[in-house]
Amino acid sequence: VQLQASGGGLVQAGGSLKLSCVASGRTTSNQSMGWFRQAPGKERESVALISWSGGWTEYAESVKGRFTIIRDDPQNTVFLQMNRLKPEDTAVYYCAMTGTVSALKRRPEYWGQGTLVTVSS
(Lines give C-alpha, C1' and ligand atoms only; values in the text may rest on other atoms or scores of the structure.)
Protein backbone atom coordinates (compact mmCIF):
# COMPACT_ATOMS: atom_id res chain seq x y z
CA VAL A 1 0.00 0.00 0.00
CA GLN A 2 1.30 3.43 -0.92
CA LEU A 3 -0.04 6.89 -0.16
CA GLN A 4 1.13 9.68 -2.45
CA ALA A 5 0.61 13.16 -1.08
CA SER A 6 0.88 16.26 -3.23
CA GLY A 7 -0.26 19.85 -3.48
CA GLY A 8 2.05 21.57 -1.05
CA GLY A 9 3.89 24.74 -1.88
CA LEU A 10 4.54 28.34 -0.95
CA VAL A 11 1.56 30.60 -0.39
CA GLN A 12 0.98 33.98 1.18
CA ALA A 13 -0.95 34.33 4.38
CA GLY A 14 -4.66 34.39 3.65
CA GLY A 15 -4.28 32.19 0.61
CA SER A 16 -5.48 28.66 -0.10
CA LEU A 17 -4.03 25.30 -1.01
CA LYS A 18 -5.59 21.92 -1.68
CA LEU A 19 -3.62 18.84 -0.74
CA SER A 20 -4.30 15.46 -2.33
CA CYS A 21 -3.44 11.97 -1.19
CA VAL A 22 -3.91 9.07 -3.55
CA ALA A 23 -3.85 5.52 -2.23
CA SER A 24 -2.67 2.59 -4.30
CA GLY A 25 -2.65 -1.07 -3.44
CA ARG A 26 -5.76 -0.90 -1.32
CA THR A 27 -9.19 0.63 -1.58
CA THR A 28 -9.91 3.57 0.68
CA SER A 29 -13.63 2.80 0.90
CA ASN A 30 -13.38 0.93 4.21
CA GLN A 31 -10.55 2.96 5.70
CA SER A 32 -10.47 5.95 7.99
CA MET A 33 -8.16 8.62 6.68
CA GLY A 34 -6.51 11.71 7.97
CA TRP A 35 -4.03 14.51 7.60
CA PHE A 36 -1.30 15.22 10.10
CA ARG A 37 1.42 17.84 10.14
CA GLN A 38 4.80 18.43 11.68
CA ALA A 39 6.30 21.87 11.99
CA PRO A 40 10.04 22.39 12.54
CA GLY A 41 10.97 21.60 16.12
CA LYS A 42 7.49 20.38 16.99
CA GLU A 43 5.80 17.03 17.34
CA ARG A 44 3.51 15.70 14.67
CA GLU A 45 -0.12 16.61 15.27
CA SER A 46 -3.46 15.57 13.91
CA VAL A 47 -5.02 18.14 11.60
CA ALA A 48 -8.15 16.54 10.13
CA LEU A 49 -9.60 13.05 10.32
CA ILE A 50 -12.49 11.40 8.50
CA SER A 51 -14.20 8.10 9.14
CA TRP A 52 -14.54 5.39 6.51
CA SER A 53 -18.13 6.40 5.85
CA GLY A 54 -17.38 10.11 5.72
CA GLY A 55 -20.03 10.66 8.36
CA TRP A 56 -17.61 11.73 11.07
CA THR A 57 -14.84 14.28 10.93
CA GLU A 58 -12.54 15.82 13.51
CA TYR A 59 -10.38 18.90 13.19
CA ALA A 60 -7.64 20.44 15.26
CA GLU A 61 -8.93 23.55 17.03
CA SER A 62 -6.38 25.68 15.22
CA VAL A 63 -7.80 24.80 11.76
CA LYS A 64 -11.54 24.59 12.45
CA GLY A 65 -13.51 26.70 10.02
CA ARG A 66 -10.53 27.02 7.67
CA PHE A 67 -9.67 23.46 6.63
CA THR A 68 -11.95 20.79 5.17
CA ILE A 69 -11.18 17.11 4.71
CA ILE A 70 -12.92 15.44 1.78
CA ARG A 71 -12.78 11.85 0.63
CA ASP A 72 -13.37 10.56 -2.88
CA ASP A 73 -13.41 6.81 -2.64
CA PRO A 74 -13.96 6.11 -6.36
CA GLN A 75 -10.67 7.94 -6.89
CA ASN A 76 -9.02 6.38 -3.80
CA THR A 77 -8.21 9.92 -2.76
CA VAL A 78 -8.51 12.15 0.28
CA PHE A 79 -8.17 15.91 0.03
CA LEU A 80 -7.42 18.68 2.48
CA GLN A 81 -8.78 22.04 1.41
CA MET A 82 -6.92 24.73 3.33
CA ASN A 83 -8.26 28.29 3.29
CA ARG A 84 -7.20 31.48 5.07
CA LEU A 85 -3.77 30.03 5.65
CA LYS A 86 -1.58 31.43 8.41
CA PRO A 87 2.20 31.37 8.87
CA GLU A 88 1.69 28.98 11.78
CA ASP A 89 0.24 26.44 9.33
CA THR A 90 3.72 26.01 7.88
CA ALA A 91 4.65 22.34 8.21
CA VAL A 92 5.14 19.08 6.40
CA TYR A 93 1.71 17.57 5.90
CA TYR A 94 1.26 13.81 5.91
CA CYS A 95 -1.73 11.74 4.96
CA ALA A 96 -2.50 8.51 6.76
CA MET A 97 -4.91 5.64 6.44
CA THR A 98 -6.05 2.81 8.65
CA GLY A 99 -9.16 0.82 9.43
CA THR A 100 -10.74 2.51 12.42
CA VAL A 101 -10.86 6.06 13.72
CA SER A 102 -9.38 4.98 17.05
CA ALA A 103 -6.45 3.36 15.27
CA LEU A 104 -6.08 6.45 13.10
CA LYS A 105 -5.67 8.53 16.24
CA ARG A 106 -3.26 6.14 17.93
CA ARG A 107 -1.13 4.62 15.19
CA PRO A 108 -2.17 4.71 11.54
CA GLU A 109 -1.06 1.70 9.54
CA TYR A 110 -0.16 3.56 6.36
CA TRP A 111 1.57 6.92 5.88
CA GLY A 112 2.28 9.10 2.89
CA GLN A 113 5.65 10.69 2.32
CA GLY A 114 4.66 14.24 3.26
CA THR A 115 4.26 17.45 1.34
CA LEU A 116 5.66 20.79 2.50
CA VAL A 117 3.37 23.75 3.01
CA THR A 118 5.02 27.11 3.60
CA VAL A 119 2.91 30.15 4.43
CA SER A 120 4.65 33.49 4.21
CA SER A 121 3.55 36.51 6.21
Side-chain angles (χ1 to χ4, degrees):
V1 177
Q2 286 191 325
L3 301 180
Q4 182 70 42
S6 61
L10 174 64
V11 63
Q12 286 189 329
S16 298
L17 281 175
K18 187 174 184 178
L19 305 183
S20 301
C21 177
V22 181
S24 59
R26 183 166 189 166
T27 178
T28 61
S29 60
N30 60 355
Q31 300 286 301
S32 297
M33 304 187 75
W35 287 94
F36 299 74
R37 69 185 180 187
Q38 187 167 20
K42 295 187 177 181
E43 292 188 354
R44 185 159 54 191
E45 64 173 346
S46 170
V47 176
L49 309 177
I50 189 166
S51 64
W52 66 270
S53 68
W56 175 92
T57 57
E58 182 178 280
Y59 294 92
E61 284 295 326
S62 59
V63 308
K64 278 184 180 178
R66 300 188 297 121
F67 291 11
T68 304
I69 187 168
I70 305 159
R71 62 186 301 147
D72 182 350
D73 291 325
Q75 299 296 323
N76 261 17
T77 301
V78 64
F79 301 99
L80 185 66
Q81 177 65 50
M82 306 186 295
N83 299 326
R84 304 199 309 276
L85 282 159
K86 304 176 180 179
E88 51 264 44
D89 294 319
T90 294
V92 177
Y93 284 71
Y94 300 88
C95 60
M97 181 174 81
T98 198
T100 65
V101 167
S102 59
L104 188 63
K105 291 183 178 183
R106 289 196 316 272
R107 188 176 294 180
E109 186 172 5
Y110 307 110
W111 287 94
Q113 85 287 4
T115 184
L116 176 63
V117 172
T118 304
V119 184
S120 63
S121 56

Minimum heavy-atom distance between [X] and [Y], given as atom pair plus value:
X	Y	result
Gln75	Thr77	O-OG1, 2.7 Å
Ser46	Ala60	O-CB, 3.5 Å
Ser32	Arg71	CA-NH1, 4.3 Å

Between [Y] and [X], is there a side-chain heavy-atom distance shorter than 4.5 Å?
X	Y	answer
Thr90	Glu88	no
Trp52	Gln31	no
Glu58	Lys105	yes
Gln113	Gln4	yes

Check your understanding: Mind checking what makes side chain to side chain contact (heavy atoms under 4.5 Å, CB included) contact with Thr100, not counting sequence neighbours?
Key ->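 Counting only residues at least two positions away or on another chain, Thr100 forms a side chain to side chain contact (heavy atoms under 4.5 Å, CB included) with Ser102, Ala103.
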Exercise for review: Give a yes or no on whether Gln2 atom CD has more than 12 heavy-atom contacts from other residues, nucleotides or ligands under 6.0 Å away.
Suggested key: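 Atom CD in Gln2 is not packed in, count stays at 12 or less.
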Spacing of [atom1] belonging to [X] relative to [atom2] belonging to [Y], to within rounding of 0.5 Å:
X	Y	atom1	atom2	answer
Glu109	Thr98	CD	OG1	5.0 Å
Glu45	Gln38	CD	CD	9.5 Å
Leu49	Leu104	CG	CG	5.0 Å

**Study point:** Partners meeting ring-ring contact (aromatic ring centres under 6.0 Å, His included) with Trp111 (sequence neighbours left out)
**Key:**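 ring-ring contact (aromatic ring centres under 6.0 Å, His included) check on Trp111 returns Phe36.
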Check your understanding: For Arg66, what residues pass the salt bridge (Lys or Arg N to Asp or Glu O under 4.0 Å) criterion, not counting sequence neighbours?
Key ->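 Asp89.
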Check your understanding: Does Lys64 have any salt bridge (Lys or Arg N to Asp or Glu O under 4.0 Å) partners at least two apart in sequence or in another chain, and if so, which?
Key ->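 Glu61.
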Review point. Do Arg44 and Tyr94 pass the side chain to side chain contact (heavy atoms under 4.5 Å, CB included) test, and can you show the C-alpha distance, the side-chain angles, and the key distance before you say yes or no?
Key: CA-CA 9 Å; Arg44 185 159 54 191; Tyr94 300 88; 4.0 Å; yes
Exercise for review: For Thr27, check side chain to side chain donor-acceptor pair (under 3.5 Å) against everything at least two apart and list the hits.
Suggested key: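 Ser29.
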Check your understanding: Would you say Ser51's side chain and Trp56's backbone share a donor-acceptor pair under 3.5 angstrom?
Key ->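 Such a contact is found between Ser51 side chain and Trp56 backbone.
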Check your understanding: Distance-only, no hydrogens or angles: does the Arg84 side chain make a donor-acceptor pair with backbone N or O of Ala13 under 3.5 Å?
Key ->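 Side chain of Arg84 to backbone of Ala13, a donor-acceptor pair under 3.5 Å: no, none is there.
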Review point. Other than Val1, which residues form its hydrophobic cluster under the rule that side-chain heavy atoms must be closer than 4.5 Å?
Key: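 Val1 clusters with Leu3, Val11, Leu17, Leu19, Met33, Trp35, Val47, Ile50, Tyr59, Val63, Phe67, Ile69, Val78, Leu80, Met82, Leu85, Tyr93, Met97, Tyr110, Val117, Val119.
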Check your understanding: Between Asp73 and Thr28, do the side chains contain an N or O donor and an N or O acceptor separated by less than 3.5 Å?
Key ->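 Yes - a donor-acceptor pair under 3.5 Å links their side chains.
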